[in-house]
Amino acid sequence: MASTQAEDAQRLYDCRGAKYDDSFHPRFARHMVELIQPQAGEHVLDLACGTGLVSYRASTAVGSGSVTGVDISRGMLAEAETKRSMHRPPNVTFHRHSITELDSLAALRGRQFDVITCCSALVLFPYPGDVLKQWVPYLKSGGRLIVDVTHPQNLTAGIICEKVGNILSRPVPWSRLNFTKPEDLQTIMEAAGLQRVKVILMSQLGEANGRLEDCIRPSFSQPKIHQEHEIADADSIFEKMVATEPLKHLASPDIREKARGVFQDEWRKAANEAGKVLEIDGVFMGIGYKK
Ligand SMILES: C[S@@+](CC[C@H](N)C(=O)[O-])C[C@H]1O[C@@H](n2cnc3c(N)ncnc32)[C@H](O)[C@@H]1O
């Protein structure tokens with residue numbers, strides 16, 4: 001029987017907790033908090049809170065307010081709890097639960113929040129519009145929600161593997177093909193009942209000076225190019241990708257060569273007129289308000 005999204009997420013993230021923060025994620029989480037600006041006394045719901053990067057930053061800002069983090073991964077939450085002794089925040093609680101089923105989380109019953117954050121996770125859901133619709137009822141009237149999705153050319157090989165998985169009916173555990181342009185995020189946020197939705201393009205890896213304002217791109221047509229690959233790189237990149245845990249099923253002997261062929265075709269299609277496959281360092285970041 002096929003595994004569920006929540007089962008896939010646990011398999012992928014349980015073993016990543018200890019090393020997760022050795023990445024761009026702490027800086028990116030800080031930028032999300034700087035953008036949404038939790039205020040003293042506010043109550044924040046941090047969905048897919050992982051190791052608590054957004055939760056702890058938000059807890060400093062809200063002071064006497066509170067932060068409620070929800071995540072499905074024991075490994076990620078264990079790391080979040082480990083940090084508690086470092087931060088000693090009185091106002092952060094973590095719950096292990098699927099954020100696709102918030103209605104069955106007793107700690108949220110009857111509660112509404114000033115701010116909902118979901119950092120680096122919406123692309124993990126096959127039906128992101130449906131999950132957003134489930135979250136918005138937990139926002140107070142006038143409350144704000146912030147969420148990001150990757151640019152379609154951010155880690156181009158990952159999105160091509162998603163196409164390969166779909167073509168060969170061996171799905172990969174992310175759903176980035178839902179977001180090919182900024183309007184795709186805007187549309188599902190509005191359909192979920194959010195207003196005054198604004199989507200911006202920003203760098204995910206960050207700038208050397210670490211400043212948020214330098215990560216925000218002036219327009220969608222001016223993304224930050226991170227890397228250029230050659231068409232001839234397809235084979236070595238395919239090998240690297242299928243050696244990773246989430247994609248190793250594409251390397252099973254019965255489909256490996258088929259998968260390689262589809263990857264090569266899609267990689268070639270992704271090349272620009274100069275024959276280069278571009279990697280963009282970018283995410284679409286959306287903020288919206290509940291009426
Ligand atoms: C890339 S991490 C992001 C963690 C954190 N928000 C951050 O920015 O560092 C994605 C997180 O989504 C969580 N996740 C994925 N599917 C989930 C689900 N159905 N319910 C709750 N958490 C989920 C994973 O366990 C993981 O911690």
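As the structure lists them, so they are numbered: ligands from 1, and atoms in each ligand from 1.
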**Study point:** Ser73 neighbourhood, listing ligand 1 atoms whose heavy-atom distance to it stays under 4.0 Å
**Key:** 25 (O)
Review point. When the aromatic ring centroids of Phe94 and Tyr56 are compared, is their separation below 6.0 Å?
Key: yes
Point to revise | Taking atom 20 (N) of ligand 1 as the reference point, the nearest protein heavy atom with its distance | key: Ile99 N, 2.9 Å
Practice item. Around atom 21 (C) of ligand 1, find the nearest protein heavy atom and jot down its residue, atom name and distance. Key: Ile72 N, 3.2 Å
Review point. With backbone taken as N, CA, C and O and side chain as the heavy atoms from C-beta onward, which portion of Phe125 lies under 4.0 Å from ligand 1: side chain, backbone, both, or neither?
Key: side chain
**Study point:** Contact check: Ser98 vs ligand 1, nitrogen or oxygen atoms, below 3.5 angstrom
**Key:** yes
**Study point:** atom 25 (O) of ligand 1 [closest protein heavy-atom partner, distance rounded to 0.1 Å]
**Key:** Asp71 OD1, 2.6 Å
Exercise for review: Inspect the contact between Lys181 and Glu183 and indicate whether a charged nitrogen and a carboxylate oxygen are less than 4.0 angstrom apart.
Suggested key: no
Point to revise | Basic-acidic side-chain contact under 4.0 Å: Asp14, Arg74 | key: no
Check your understanding: When you measure from atom 16 (N) of ligand 1 to every protein heavy atom, which one gives the shortest distance, and what is it?
Key -> Gln5 NE2, 2.9 Å
Revision key, fill the gap. In this structure, atom 6 (N) of ligand 1 is nearest to the protein heavy atom Ala48 O, 2.6 Å
Exercise for review: Please determine if Asp22 and Lys19 form a salt bridge, counting it only when a charged side-chain N lies under 4.0 Å from a carboxylate O.
Suggested key: no
Check your understanding: Is there a heavy atom in Gln10 that sits closer than 4.0 Å to ligand 1?
Key -> no
Check your understanding: Can you find an N or O of Cys119 that's nearer than 3.5 Å to an N or O of ligand 1?
Key -> yes
Check your understanding: Which protein heavy atom lies closest to atom 15 (C) of ligand 1, and at what distance to 0.1 Å?
Key -> Ala9 CB, 3.3 Å
Point to revise | Short N-O contact, Glu207 and Arg211, less than 4.0 angstrom | key: no
Check your understanding: Which of the atoms in ligand 1, numbered in the order shown and given with their element, are less than 4.0 Å from a heavy-atom of Leu124?
Key -> 10 (C), 12 (O), 15 (C)
Study note, to complete from the structure: shortest atom 9 (O) of ligand 1-to-protein heavy-atom contact is with Tyr20 OH, 2.9 Å
Study note, to complete from the structure: Among non-hydrogen protein atoms, atom 1 (C) of ligand 1 lies closest to Ser120 O, 3.2 Å
Review point. Looking only at side chains, do Lys291 and Ser141 share a donor and an acceptor under 3.5 Å apart?
Key: no
Practice item. Answer yes when Arg16 and Glu79 have at least one side-chain N-carboxylate O distance shorter than 4.0 Å, and no when they do not. Key: no
Review point. Just checking, any donor-acceptor pair under 3.5 angstrom between side chains of Asp254 and Ser252?
Key: yes
Check your understanding: By number and element, which atoms of ligand 1 are closer than 4.0 Å to a non-hydrogen atom of Leu53?
Key -> 9 (O)
Practice item. Taking only heavy atoms of His97 into account, list the atoms of ligand 1 that are under 4.0 Å away from them. Key: 20 (N), 21 (C)
Point to revise | Salt bridge Glu42-Arg144, side-chain N to carboxylate O under 4.0 Å | key: yes
Review point. Looking at Phe263 versus Phe238, is the centre-to-centre ring distance below 6.0 Å?
Key: yes
Revision key, fill the gap. Under 4.0 Å from one or more heavy atoms of Cys49, ligand 1 contributes atoms 5 (C)
Review point. Do Asp21 and Lys83 meet the salt-bridge criterion of a basic N to acidic O distance under 4.0 Å?
Key: yes
